[in-house]
Student: 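Okay, here's the structure, questions in a sec.
Residue numbers begin at 1 in each chain, while the letters A, B, ... track the order of the sequences. Nothing here was measured: the structure is a model prediction, and the numbers come from that model.
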Amino acid sequence: MKKMEISHFINTIIEEDIRTGKHKRAITRFPPEPNGLLHLGHARAIITNYTMAKNHGGYFNLRFDDTNPVKEDISFVEAIKKDIAWLGCEWKNLFFASDYFEEMYKRAVLLIENGKAFVDDLTADEIKEYRGNLTTPGKNSPYRERTIEENLKLFKNMRDGVYPDSSKVLRVKIDMTSPNMNMRDPIIYRIQRAHHHNTGDKWCIYPMYDYAHPIEDAIEGITHSLCSLEFEDHRPLYDWVVKNCEMENIPRQIEFGKLRIVGAVGGKRYIKQLVDGKKVMGWDDPRLITLSGLRRRGVPSEAITDFIHALGLPKSQGETEIDMLDQIIREHLASTAPRTNAILDPLKLVIDNYPEDKVEYLEAENNRDNEELGTRLIPFSKYVFIEREDFIEQKPNKKWKRLALGIEVRLMHAYFVKANSIVRDEKGNITEVHCTYDIETKSGSGFKDRKPNGNIHYVDATHNLPAEIRLFDDLILENMGKDIPYVDKVNPDSLIIKNGFIEENMDPQVGDRFQFTRNGYFCVDKDTTKDLLVFNRIVSLRSSYKKK
RNA sequence: UGGGCUAUGGCCAAGUGGUUAAGGCACCGGACUUUGACUCCGGGAUCGAUAGUUCGACUCUAUCUAGCCCAGCCA
């Protein structure tokens with residue numbers, strides 16, 4: 001694997017902080033909310049935080065940001081941990097934001113004592129109205145000037161469950177006329193009677209993200225809190241909370257651009273819609289760019305980390321083509337995945353001059369670039385399957401490097417065969433191609449008297465294993481317009497199932513990866529049963545073949 | 001019409017006043033080939049626009065344009 005040079009603006013900032021003695025090392029974190037699974041976009045945040053800590057003598061924490069029990073589900077916690085571990089980003093500490101509820105409460109009391117927070121009785125609609133909008137400033141709440149004593153009592157009552165849900169909130173006093181909406185006296189606590197996976201029914205008030213997050217970072221001694229660009233406008237508030245809550249450690253939030261993939265469903269909420277709407281097999285559907293989906297598809301996690309590093313860490317807002325990831329995946333698999341033959345769309349070839357009951361076993365390398373993977377024996381008999389697309393009746397032009405009537409090709413690892421005639425069914429479809437082989441041309445014999453019109457692969461028709469082979473295409477039809485929800489734009493052909501055959505000489509386990517000759521890289525899917533192998537195509541091979 | 005951020009070839013992206021403007025992906029040629037794979041050769045941008053500063057600007061200044069984000073008691 002190529003070593004990636006890491007030199008982006010955040011790396012520069014951290015190096016500078018260490019050089020000037022501001023910090024001795026970088027301590028970072030990744031703070032997912034357990035309300036869904038992680039996707040490729042999160043991989044940038046995870047890998048960036050992890051790598052910066054690792055490269056700068058520090059460590060990386062995993063912290064579940066579980067401050068809103070109505071939206072969260074403990075079941076996602078284990079799945080998220082599995083994804084992050086899969087990426088190889090080891091966390092030093094595993095924390096939950098809810099571990100800090102008591103501390104957060106105390107800091108809120110401190111804010112009230114210092115006259116910096118107040119309990120507001122305005123309704124949600126009134127708060128919205130008082131907030132103003134993008135172009136007009138907001139107005140102070142009529143409750144803003146309550147006395148410290150009254151606020152203290154009210155806030156304690158909020159905690160003690162005296163008031164109904166949503167009847168009061170705790171707000172911080174900043175500036176209702178700020179052009180930054182986040183600074184218009186933001187709400188930091190709401191009343192919400194909901195069972196929390198960690199704290200049970202202990203609390204009926206929960207802190208808001210903008211208040212909780214900086215405190216979490218500060219408590220953990222995070223030095224650099226790396227997140228995506230949409231939190232840029234929140235940074236002044238983040239800094240305000242750290243300062244006014246009198247936190248000892250002062251973390252710094254730095255934002256980078258979000259990773260978007262052309263044509264992919266990005267964003268947890270959209271993926272969730274597809275999962276909940278049963279439009280996909282689940283969070284781990286191989287057509288999804290969730291980490292679990294990519295893993296199930298067969299993508300090596302190293303390819304993902306390489307991909308993230310290769311992209312760099314810009315603040316610009318582009319859309320990356322998935323081809324870049326595909327090529328990195330191929331590079332990872334090229335020398336590690338054993339080759340085998342598989343026929344996805346079989347066409348029977350009958351070798352007329354080959355003995356009826358004979359079966360030969362021909363030796364083949366499992367990977368020409370990696371001798372350690374050894375060799376295998378491939379059966380060969382009078383009846384073999386080739387790909388239907390590898391045969392055409394009349395060779396159309398000199399570019400055609402496959403089989404055609406009167407044309408001779410090599411069956412890889414076996415012999416030259418020449419097609420002589422075809423058999424059709426009553427509908428006119430070709431059901432068999434009859435040909436003759438030349439025993440002189442056996443693979444490995446060194447035969448050089450003439451060149452075949454190409455090399456095609458085969459699977460013996462009498463000795464093989466049937467397999468279900470799944471091919472994937474874009475999940476979403478983009479040409480339907482961007483106002484249509486994803487659930488209504490699912491490409492019906494995004495999953496193509498082929499019932500094909502693979503070599504009989506294997507006993508693949510779920511997760512094993514192979515290169516199917518000329519068809520791409522494939523991985524054994526978890527749907528495999530003892531009766532039927534199921535493969536996912538991870539990526540196709542590149543092809544320079546152009547029709548015409 | 002408020003604020004924040006961004007703008008280098010089809011895509012991603014180096015570059016921080018003087019370089020023939022890196023590299024990867026994609027694409028197009030060609031060589032090689034028992035995978036139309038791999039590998040190998042070759043191909044293309046004047047840097048959102050305009051006006052300045054300067055001997056000299058992708059890099060500095062001003063103005064403009066375009067895109068993204070912000071008006072949850074979500075994160």
Student: Parallel, tilted or perpendicular: which fits the ring planes of F380(A) and Y415(A), with parallel below 30° and perpendicular above 60°?
Tutor: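 Ring orientation of F380(A) relative to Y415(A): tilted.
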Student: Let me know which of R44(A), R29(A), H224(A) forms a side-chain contact (heavy atoms from CB on, under 4.5 Å) with N49(A).
Tutor: R29(A)
Student: Considering every strand and a 4.0 Å limit on heavy-atom distances, what is the contact class for K315(A): base, sugar-phosphate, or nothing?
Tutor: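 Answer is sugar-phosphate: K315(A) comes under 4.0 Å of backbone atoms only.
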Student: Is G30(B) in the syn or the anti form, by the rule that syn lies within 90° of 0?
Tutor: anti
Student: Which part of the nucleic acid, if any, lies within contact of E255(A), taking any heavy atom under 4.0 Å across all strands shown: a base, the sugar-phosphate backbone alone, or nothing?
Tutor: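 The answer is nothing, as E255(A) stays clear of every strand by at least 4.0 Å.
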Student: Here's a test of your reading of the structure: between H8(A) and R518(A), which maps to the more 5' nucleotide of RNA chain B?
Tutor: H8(A)
Student: Could you tell me whether D165(A) and R193(A) have a side-chain N and a carboxylate O separated by less than 4.0 Å?
Tutor: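 Looking at D165(A) and R193(A), the cut-off is met.
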Student: Nearest whole Å is fine: how far is A37(B) C1' from R542(A) CZ?
Tutor: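 After rounding, the reported distance stands at 9 Å.
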Student: Please name the nucleotide paired to A66(B) by Watson-Crick or G-U wobble geometry with both distances under 3.5 Å, or report none.
Tutor: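 Partner of A66(B): U6(B).
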Student: If you look at every strand shown and take non-hydrogen atoms under 4.0 Å, does P31(A) touch a base, only sugar-phosphate, or nothing?
Tutor: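 Counting heavy atoms under 4.0 Å across all strands, no contact is made by P31(A).
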Student: For atom P, what is the distance between U8(B) and G67(B), given to the nearest Å?
Tutor: 15 Å
Student: Is it the case that the base of G24(B) and the side chain of Q327(A) share a donor-acceptor contact (distance under 3.5 Å, atom types as modelled)?
Tutor: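 Per atom types, no contact qualifies.
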Student: What do you reckon, is NZ of K173(A) surrounded by more than 12 foreign heavy atoms closer than 6.0 Å?
Tutor: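 Yes, because the 6.0 Å sphere around NZ of K173(A) holds more than 12 heavy atoms from other groups.
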Student: Please state the P separation for the pair C38(B) and U1(B) - nearest whole angstrom.
Tutor: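 Straight-line distance between the two P atoms is 50 Å.
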Student: Using the P atom in both, what is the distance from C70(B) to G29(B), to the nearest Å?
Tutor: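 Straight-line distance between the two P atoms is 44 Å.
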Student: Using a distance-only criterion (donor-acceptor N/O pair, under 3.5 Å, no hydrogens), is the base of G4(B) paired with the side chain of E232(A)?
Tutor: no
Student: Does the side chain of I378(A) come within less than 4.5 Å of D460(A)'s, by heavy atoms?
Tutor: no
Student: Taking the P atom in each of U20(B) and A13(B), what is the distance between them to the nearest angstrom?
Tutor: 26 Å
Student: Describe the nucleic acid contact of F231(A) in one word from base, sugar-phosphate, nothing, applying a heavy-atom distance below 4.0 Å.
Tutor: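 Answer is base: heavy atoms of F231(A) come under 4.0 Å of a base.
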Student: Quick one: are the ring centres of F101(A) and H196(A) less than 6.0 Å apart?
Tutor: yes
Student: Which part of the nucleic acid, if any, lies within contact of T517(A), taking any heavy atom under 4.0 Å across all strands shown: a base, the sugar-phosphate backbone alone, or nothing?
Tutor: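 Base contact.
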Student: Please measure how far the C1' atom in A22(B) lies from the corresponding atom in C12(B), and state the result in whole Å.
Tutor: 14 Å
Student: Would you measure the distance from the P atom in G18(B) across to the matching atom in A51(B) and give it in whole Å?
Tutor: 23 Å
Student: Taking any heavy-atom pair under 4.0 Å as a contact, classify G318(A): base, sugar-phosphate, or nothing.
Tutor: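 It contacts sugar-phosphate atoms only.
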Student: Show each protein N/O and nucleotides 28-34 of chain B N/O combination with a separation under 3.5 Å, one pair to a line.
Tutor:
{"from": "U34(B)", "atom 1": "O4'", "to": "N455(A)", "atom 2": "OD1", "distance (Å)": "3.1"}
{"from": "U34(B)", "atom 1": "O2'", "to": "R368(A)", "atom 2": "NH1", "distance (Å)": "3.4"}
{"from": "U34(B)", "atom 1": "O2'", "to": "R368(A)", "atom 2": "NH2", "distance (Å)": "2.9"}
{"from": "U34(B)", "atom 1": "O2", "to": "H413(A)", "atom 2": "N", "distance (Å)": "3.1"}
{"from": "U34(B)", "atom 1": "N3", "to": "S443(A)", "atom 2": "OG", "distance (Å)": "2.7"}
{"from": "U34(B)", "atom 1": "O4", "to": "R410(A)", "atom 2": "NH1", "distance (Å)": "3.4"}
{"from": "U34(B)", "atom 1": "O4", "to": "S443(A)", "atom 2": "OG", "distance (Å)": "2.6"}
{"from": "U34(B)", "atom 1": "O4", "to": "G444(A)", "atom 2": "N", "distance (Å)": "2.6"}

Student: Going by heavy atoms closer than 4.0 Å, what residues in residues 119-139 of chain A are next to RNA chain B?
Tutor: L122(A), T123(A), A124(A), I127(A), K128(A), R131(A), G132(A), N133(A), L134(A), T135(A)
Student: Considering only the C1' atoms, how many Å lie between G2(B) and U59(B), rounded to the nearest integer?
Tutor: 31 Å
Student: Classify the nucleic acid contact of T320(A) as base, sugar-phosphate or nothing, counting any heavy atom under 4.0 Å across all strands shown.
Tutor: sugar-phosphate
Student: Any N or O donor-acceptor pair under 3.5 Å from the base of G36(B) to the side chain of R402(A)?
Tutor: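 It does, because a donor-acceptor pair links the side chain of R402(A) to the base of G36(B) below 3.5 Å.
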Student: Hey, does the side-chain of N180(A) have a donor or acceptor N/O within less than 3.5 Å of a partner on the base of G4(B)?
Tutor: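 When only heavy-atom distances are counted, N180(A) does not reach the base of G4(B) through any donor-acceptor pair under 3.5 Å.
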Student: Name the nucleic acid region contacted by R184(A), choosing base, sugar-phosphate or nothing; use a 4.0 angstrom heavy-atom cut-off, strictly under.
Tutor: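 The answer is nothing, as R184(A) stays clear of every strand by at least 4.0 Å.
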Student: In the strands shown, is A75(B) matched to any nucleotide by a Watson-Crick or G-U wobble pair with both distances under 3.5 Å, and which?
Tutor: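 For A75(B), the partner nucleotide comes out as none, under the 3.5 Å rule.
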Student: Dump every N/O contact between nucleotides 40-44 of chain B and the protein below 3.5 Å, one line per pair.
Tutor:
none

Student: Distance check, C1' atoms only: G3(B) and U19(B), in whole angstrom units.
Tutor: 39 Å
Student: Choose from C73(B), U35(B), A75(B) the nucleotide whose nearest atom is closest to any side-chain atom of H234(A).
Tutor: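 Of C73(B), U35(B), A75(B), A75(B) is nearest to the side chain of H234(A).
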Student: Centre of Y105(A)'s six-membered ring, under 6.0 Å away, within 45 degrees of the axis: is that where NZ or CZ of R159(A) sits?
Tutor: yes
Student: side-chain contact (heavy atoms from CB on, under 4.5 Å) with F516(A): which of N341(A), L541(A), V459(A), I469(A)?
Tutor: I469(A)
Student: Identify, between W400(A) and L311(A), the residue whose nearest nucleotide on RNA chain B lies closer to the 5' end.
Tutor: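 Its nucleotide being nearer the 5' end, the pick is L311(A).
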Student: Any idea how Y209(A) and H234(A) line up, ring-wise: parallel (<30°), tilted (30 to 60°), or perpendicular (>60°)?
Tutor: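 The rings of Y209(A) and H234(A) stand perpendicular, inter-plane angle above 60°.
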Student: Between D121(A) and R146(A), does at least one N-O distance fall below 4.0 Å, as a salt bridge requires?
Tutor: yes
Student: Let's see if you can work this out: which of G36(B), U35(B), A75(B) has an atom nearest to the side-chain heavy atoms of Q515(A)?
Tutor: U35(B)
